[in-house]
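A short write-up of the structure that comes next.
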Amino acid sequence: MDKREALETIRHFVNDLFRDDTSGHDDIHMKRVAAWAKYIAVNEGDDPFLCEVAALLHDVGDHKLFSNPAQAILQRDKLLLDVGFSEKEVDLIADAIRTVSFSKGAVPNSRIGKILQDADRLDAIGAVGIARAFAFGGTINQPIYKEEEKDAIDHFYEKLLKLRELMHTESGKQEAERRHQFMLQYLEEFYREQECREETSHVKE
Ligand code: ADP
Ligand code: NI
């Protein structure tokens, strides 16, 4: 298999599927996750090519993004076979992708699955993760911040601040630590600005 050609074809497939997404799952999300999966794999002595390919394809067939997930998954596997992956490699990639989601609570058992999950989780935290949480919140009509309602800030406590503890790889943990600290700083600043508004709200103009 010509790996460069295979990557090119897969990137095209991914661009076509995700280019127009505005919920935080666009083709740039796939590219960032692929770049981090590759970086982690190189650092940890795993297969960077398989990790990159699995990462590029990790949201294909996601139930909230596809009206016909089963069909998307079939197309994905056909593409992988067409560009030259063996049945065994396709199974490995498919298995890693099946276990990637936080909300489904699955724990990956393969190295590729662990690396892929770490890379996808990194993209949910830090500066990019914050942007994605608000973008995703917008697509489900969730407010940014409301006292009595579920809001995007709640999502930090329900998921984002938990991810640091759930990383599998050393390089993933290191990067997650940095992003975690940035989110704490962000929240502190967010509340400071909020408090300021509350303190001055009684002042008549
Ligand atoms: P997963 O499948 O791993 O649970 P998702 O695809 O649901 O992840 O999440 C996509 C992005 O949207 C992530 O950055 C995630 O943190 C964010 N997100 C998911 N649910 C919410 C929510 N209720 N409010 C704000 N952001 C969310
Ligand atoms: Ni993702």
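Bear in mind the structure is a predicted one, so any value in this text is a computation, not a measurement. Every number for a ligand or one of its atoms is a count from 1 in the order of the listing.
Here R178 pairs with E175 under the side-chain contact (heavy atoms from CB on, under 4.5 Å) rule; sequence neighbours left out. Under the side-chain contact (heavy atoms from CB on, under 4.5 Å) criterion, V128 pairs with R32, D123, R132, sequence neighbours left out. Residues passing the ring pair (Phe, Tyr, Trp, His ring centres under 6.0 Å) test with F190, sequence neighbours excluded: Y145.
H58 pairs with exactly one of H29, H25, Q117 by the side chain to side chain donor-acceptor pair (under 3.5 Å) rule, that one being H29.
The residue from Q142, K159, K150 that puts a heavy atom closest to atom 23 (N) of ligand 1 is Q142. Of the candidates H63, H25, H29, K64, it is K64 that places a heavy atom closest to atom 7 (O) of ligand 1.
Within the 4.5 Å cutoff, side-chain heavy atoms of K150 are placed close to those of E158. Looking at heavy atoms from C-beta onward, F66 lies out of side-chain contact with D59 at the 4.5 angstrom threshold. Using a 4.5 Å heavy-atom cutoff, the side chains of L74 and Q71 are not in contact. At least one side-chain heavy atom of I130 sits under 4.5 Å from a side-chain heavy atom of F182.
The H155 neighbourhood of ligand 1 comprises atoms 15 (C), 16 (O), 17 (C), 18 (N), 19 (C), 20 (N), 21 (C), 22 (C), 23 (N), 24 (N), 25 (C), 26 (N), 27 (C), with distances under 4.0 Å to a heavy atom of that residue. Set against the non-hydrogen atoms of A124, the atoms of ligand 1 under 4.0 Å away are 14 (O). Here is the list of ligand 1 atoms found below 4.0 Å of a heavy atom in L160: 16 (O).
For Q181, the CD atom counts as densely surrounded, since its 6.0 Å shell holds more than 12 non-hydrogen atoms of other residues, nucleotides or ligands.
For D59, no heavy-atom contact with ligand 1 is shorter than 4.0 Å.
Around the Ni ion (ligand 2), protein N, O or S atoms at a distance under 2.8 Å total 4; waters are neither shown nor counted.
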